[in-house]
Amino acid sequence: MGQTLAAAGGLQRDLQRELTYDGLRAAEAKGSKGGRRPAVAAAKADTVRTAYLEGRSIAALARDHGVSRGAIRTAIADLQHLGEMEWIGPVGQGLFGATDGGRPSQAAAHAGLV
């Protein structure tokens with residue numbers, strides 16, 4: 001009897017999964033996009049991007065628009081090279097050269113500076 005109940009539960013789970021995927025595909029075909037709405041509306045995103053390119057900081061933009069810094073980063077994500085760190089000062093200049101594509105030199109890595 002336990003096996004029968006387990007098999008019925010498995011069939012129900014498979015059916016529910018199938019119906020969920022069918023609904024997601026139908027919504028995508030209509031043009032609906034899942035997920036949470038961005039905190040910075042599309043109309044404001046252009047203003048945020050322009051201000052960022054003019055030199056405003058992410059923190060200042062977040063304060064001005066009443067959203068988190070993460071929301072600002074999301075709005076300007078196509079303008080930033082995410083994952084790259086900015087190195088300031090002589091240590092950063094020694095680590096990154098113009099010819100190595102912005103990657104730390106092997107000597108700097110062995111010296112424990114990276």
Side-chain angles (χ1 to χ4, degrees):
M1 181 157 162
Q3 282 183 320
T4 306
L5 288 175
L11 288 173
Q12 182 180 7
R13 198 170 36 250
D14 289 343
L15 179 62
Q16 187 173 7
R17 182 181 300 133
E18 202 173 304
L19 291 173
T20 299
Y21 285 133
D22 288 345
L24 289 172
R25 281 190 223 109
E28 187 179 359
K30 281 193 221 176
S32 297
K33 181 180 166 186
R36 186 175 179 170
R37 289 187 189 135
V40 179
K44 281 183 166 182
D46 292 333
T47 307
V48 168
R49 290 177 185 179
T50 303
Y52 179 75
L53 289 174
E54 290 173 353
R56 297 285 313 271
S57 71
I58 291 175
L61 289 169
R63 278 192 304 271
D64 293 346
H65 292 281
V67 295
S68 69
R69 289 176 295 184
I72 298 295
R73 284 189 196 98
T74 301
I76 62 170
D78 58 334
L79 301 177
Q80 289 183 320
H81 298 288
L82 298 178
E84 292 183 9
M85 296 180 70
E86 293 182 15
W87 293 87
I88 301 173
V91 173
Q93 292 170 1
L95 291 176
F96 295 98
T99 59
D100 63 359
R103 299 187 187 276
S105 67
Q106 191 172 15
H110 287 299
L113 296 174
V114 180

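For reference, positions follow the sequence shown, starting with 1.
Within the 3.5 Å criterion, the main-chain N or O of Ala62 finds no donor-acceptor partner in the side chain of Arg69.
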I'd like a table of donor-acceptor pairs (distance under 3.5 Å, sequence neighbours excluded) in which one partner is a side-chain atom from residues 18-29, with atom names and distances.
{"unit_1": "Thr20", "atom_1": "OG1", "unit_2": "Gln16", "atom_2": "O", "d": "2.8"}
{"unit_1": "Asp22", "atom_1": "OD1", "unit_2": "Arg25", "atom_2": "NH1", "d": "3.0"}

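Test Thr74, Leu61, Ile72, Val48 against Val67 for side-chain contact (heavy atoms from CB on, under 4.5 Å) and you get one pass: Ile72.
Residues Leu53 and Val40 share a single hydrophobic cluster, defined by chaining ILVMFWY side chains whose heavy atoms lie under 4.5 Å apart.
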